[in-house]
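The structure appears right after this line, and notes come after that.
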Amino acid sequence: MNAITIGNFTLQVELLTFFITIFAVSFMYKVIMKKSIGDWYFNAIIIYIIIYKGSYIIFQYDLFMKTPLSIVYFDGGWKGQIFAILGLALYMMRITNKKTHMLSIDIVPAYFLFITIYSMIQQAFASHYIAAFIQILILSAYIWIYMKVKLAHENQMFIFFILVQAILLSFFNGLSTTDILMLCLGVALFVLKTLKVEEQ
């Protein structure tokens, strides 16, 4: 199912999943961390949307000039997603330049919540209920382990959960461009975190 139609209004499932995930992550983060998620989270979302949608102008310039409102319905495709992910990575580098602890305390937990909740909702919309249930188990396991070990074995947790997500996504419906890029962002965060630790 690629779209949901309500009356005369049609909404892309991917877009609906994205927006549900944004607010679900904010809520879950507050429950787990006992504090509201920082402004950096919503700034990151805005940066992603602006680059992803804005790249449509670059890649479909002629069509945009003919029908400017087409940007509401279209985006930059997989090329736009690559630019958006790169933009997020640069933003993460900037905000963690003087606040290295943000990677461990704020960004990493939010990333795992986002990718897991997004995948869970995506699988549910696709009627892959077993996969959605497994994502719930993964989410529960991550929350339980994080609450138990905190930062003691964070690197191991990071690698383990990225690998689990990659295997699960590829097993049920193959890795889409979005899935691959979200996993790549996780790898980029891990590398950035590692470099920051070495600098200290």
Side-chain angles (χ1 to χ4, degrees), residues 14 17-22 24-26 28-29 32-33 37-38 40-49 51-52 78-97 99-123 131-132 134-147 149-199:
E14 185 178 3
T17 301
F18 182 72
F19 282 109
I20 292 175
T21 304
I22 290 173
V25 169
S26 179
M28 290 296 296
Y29 184 95
I32 297 170
M33 308 300 288
I37 200 164
W40 66 266
Y41 173 71
F42 293 102
N43 291 339
I45 296 298
I46 292 171
I47 288 172
Y48 180 88
I49 293 174
I51 297 176
Y52 185 40
W78 65 269
K79 293 179 182 178
Q81 287 183 330
I82 291 176
F83 279 103
I85 292 296
L86 288 174
L88 283 183
L90 291 173
Y91 175 65
M92 298 302 175
M93 289 177 63
R94 179 179 177 276
I95 64 175
T96 59
N97 189 40
K99 297 180 179 179
T100 306
H101 67 280
M102 281 188 66
L103 278 167
S104 298
I105 298 175
D106 296 323
I107 297 176
V108 169
Y111 166 79
F112 275 124
L113 287 174
F114 194 96
I115 190 173
T116 306
I117 294 174
Y118 181 89
S119 299
M120 177 184 67
I121 298 172
Q122 188 181 49
Q123 298 290 359
I134 294 175
Q135 290 288 3
I136 293 174
L137 294 179
I138 292 174
L139 180 61
S140 301
Y142 176 76
I143 293 172
W144 184 81
I145 294 173
Y146 184 85
M147 296 299 289
V149 303
K150 292 294 183 180
L151 306 180
H153 304 286
E154 187 187 14
N155 286 343
Q156 294 89 327
M157 286 176 60
F158 205 118
I159 296 172
F160 174 75
F161 278 100
I162 286 181
L163 288 175
V164 168
Q165 282 292 350
I167 293 171
L168 182 62
L169 291 171
S170 60
F171 179 78
F172 279 96
N173 58 350
L175 289 171
S176 66
T177 302
T178 301
D179 295 331
I180 293 173
L181 290 174
M182 289 180 71
L183 291 171
C184 286
L185 178 59
V187 173
L189 289 176
F190 177 77
V191 172
L192 178 59
K193 179 179 177 300
T194 302
L195 293 175
K196 290 294 183 180
V197 170
E198 291 178 354
E199 289 176 0

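Listed for the Thr116 side chain is no donor-acceptor partner under 3.5 Å among the backbone atoms of Leu113. In this structure a side-chain-to-backbone donor-acceptor pair under 3.5 Å is present from Tyr111 to Met182. Between the side chain of Tyr41 and the main chain of Ile22, a donor-acceptor pair closer than 3.5 Å is present.
Atoms CG and CD1, on Leu90 and Ile85 in that order, are 11.5 Å from each other to the nearest 0.5 Å. With rounding to the nearest 0.5 angstrom, the CG atom of Leu168 is 5.5 Å from the CD1 atom of Ile134. In this structure, CG in Leu88 is found 13.0 Å from SG in Cys184, a value given to the nearest 0.5 Å. From Ile115, atom CD1 reaches atom CD1 of Ile162 across 7.0 Å, with rounding to the nearest 0.5 Å. A distance of 5.0 Å separates CD1 of Ile107 from CE of Met92, quoted to the nearest 0.5 Å.
Scanning both residues, Gly87 and Ile51, for their nearest heavy atoms gives CA-CD1, 3.8 Å. Taking every heavy atom of both residues into account, Ile117 and Ala24 meet most closely at CG2-CB, 4.0 Å. Scanning both residues, Ala110 and Ile37, for their nearest heavy atoms gives CB-CD1, 4.0 Å. When all heavy atoms are compared, the tightest approach of Ser119 to Gln135 is CB-NE2, 3.3 Å. Of all non-hydrogen atoms in Thr21 and Tyr118, the two that sit nearest each other are OG1-CA, 3.4 Å. Contact detail for Phe42 and Ser26: the closest heavy-atom pair is CZ-OG, 3.9 Å.
Residues Met28 and Ile143 are in side-chain contact: their nearest non-hydrogen atoms beyond the backbone lie under 4.5 Å apart. Counting heavy atoms from C-beta outward, Gln122 and Asp179 have side chains that approach closer than 4.5 Å.
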(request) Please test Ile180 against Trp78 for side chain to side chain contact (heavy atoms under 4.5 Å, CB included), starting from the C-alpha separation and ending with a verdict. (result) CA-CA 11 Å; Ile180 293 173; Trp78 65 269; over 6 Å; no
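Aromatic ring centres of Phe18 and Tyr52: separated by at least 6.0 Å.
Summarising the local packing, OH of Tyr91 is surrounded by more than 12 heavy atoms from other residues, nucleotides or ligands at distances under 6.0 Å.
Under the ring pair (Phe, Tyr, Trp, His ring centres under 6.0 Å) test applied with Phe112, the options Phe160, Tyr29, Phe161 reduce to a single match, Phe161.
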